[in-house]
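Each remark here refers to the structure printed beneath this line.
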Amino acid sequence: MTHRSTHLWISLIVGVAVWGAYFAHFLQQMRRGETGGLALWFLGALAVIVLAESVATGLIAWLFRRRARALDEGPTLQAALKASHVALMLMIGLVLAAAGVLAFASLFGWSLDLSGARGQVIAANALLAMVVTAELLRAALTLALLPRR
């Protein structure tokens, strides 16, 4: 397995585990009607992601230092570009869907009450979920498109 594919696997596994735990906690808090402490949970999840991926990247670079070679700019780069494009299109679709929900609600005079603390927390986590979904898709699709050696 190459340095790039190993890093993508680690990124995918850590991302699913950490953000899965965060969003499970978020949903539990929303069911209880509580929003307190979610900022700390978010910062904690972000710190775990950054720390885990930094340590894993450093460890992989150290372990693969003898087998390191220049990036195969052909198929490997093409896989990364295709996956990034699909992730970008997903992100655009999710943002447009969110804008559509807001516009649709306004047609009927519904207020989603984004001015209160609960509405802001829900909106922030919806945006976070869009970014996390696009990033996990990018990593998974890059892995799927990488040429097998």
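Counting from 1, the numbers follow the sequence of the chain as shown.
- Using cut-offs of 30° and 60° on the angle between ring planes, the pair Tyr22 and Phe26 is parallel.
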*Please report the C-alpha distance between Ile122 and Met30 in whole Å, then the side-chain angles of each, then the deciding distance to 0.1 Å, and finally whether the side-chain contact (heavy atoms from CB on, under 4.5 Å) criterion is met.*
CA-CA 9 Å; Ile122 291 171; Met30 289 296 106; 3.6 Å; yes

*Going through the checks in order, is the side-chain contact (heavy atoms from CB on, under 4.5 Å) test met by Leu8 and Leu12?*
CA-CA 6 Å; Leu8 284 168; Leu12 191 60; over 6 Å; no

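- If you take OG on Ser11 and CG on Leu136, they are separated by 7.0 Å, rounding to the nearest 0.5 Å.
- Side chains of Arg32 and Gln29: a donor-acceptor N/O pair is present below 3.5 angstrom, by distance only.
- Note on Ile13 and Ile10: same hydrophobic cluster, where clusters join Ile, Leu, Val, Met, Phe, Trp and Tyr whose side-chain heavy atoms are under 4.5 Å apart, directly or indirectly.
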*Checking side-chain contact (heavy atoms from CB on, under 4.5 Å) for the pair Trp19/Ile49: CA distance, chi angles, key distance, verdict?*
CA-CA 9 Å; Trp19 291 119; Ile49 289 283; 3.7 Å; yes

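- Considering every non-hydrogen atom in both Phe23 and Asn125, the closest pair reads CE2-O, 3.7 Å.
- By the 30° and 60° cut-offs, the orientation of the rings of Phe104 relative to Trp110 is perpendicular.
- The minimum heavy-atom distance linking Thr142 with Ala83 is given by the pair OG1-CB, 3.0 Å.
- Under the 4.5 Å side-chain heavy-atom criterion for grouping Ile, Leu, Val, Met, Phe, Trp and Tyr, Leu59 is connected to Val48 within one hydrophobic cluster.
- Annotation: the span from Arg138 atom CZ to Met91 atom CE amounts to 11.5 Å, rounded to 0.5 Å.
- The hydrophobic cluster containing Val18 does not contain Met130, counting ILVMFWY residues as joined when their side-chain heavy atoms lie under 4.5 angstrom apart, directly or transitively.
- Contact detail for Ala134 and Ala87: the closest heavy-atom pair is O-CB, 3.4 Å.
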*asked:* Pair His85, Leu81 - check side-chain contact (heavy atoms from CB on, under 4.5 Å), show working.
replied: CA-CA 6 Å; His85 180 73; Leu81 288 173; over 6 Å; no

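- Side-chain atoms of Leu38 and His25, non-hydrogen and from C-beta on, do get closer than 4.5 Å to each other.
- Put simply, Leu96 and Met89 are part of the same group of oily side chains (I, L, V, M, F, W, Y) that touch within less than 4.5 Å, one to the next.
- Without hydrogens or angle criteria, Thr57 side chain to Ser54 main chain gives no donor-acceptor distance under 3.5 Å.
- Val121 and Leu127 are assigned to two separate hydrophobic clusters, defined by single-linkage of ILVMFWY side chains at heavy-atom distances under 4.5 Å.
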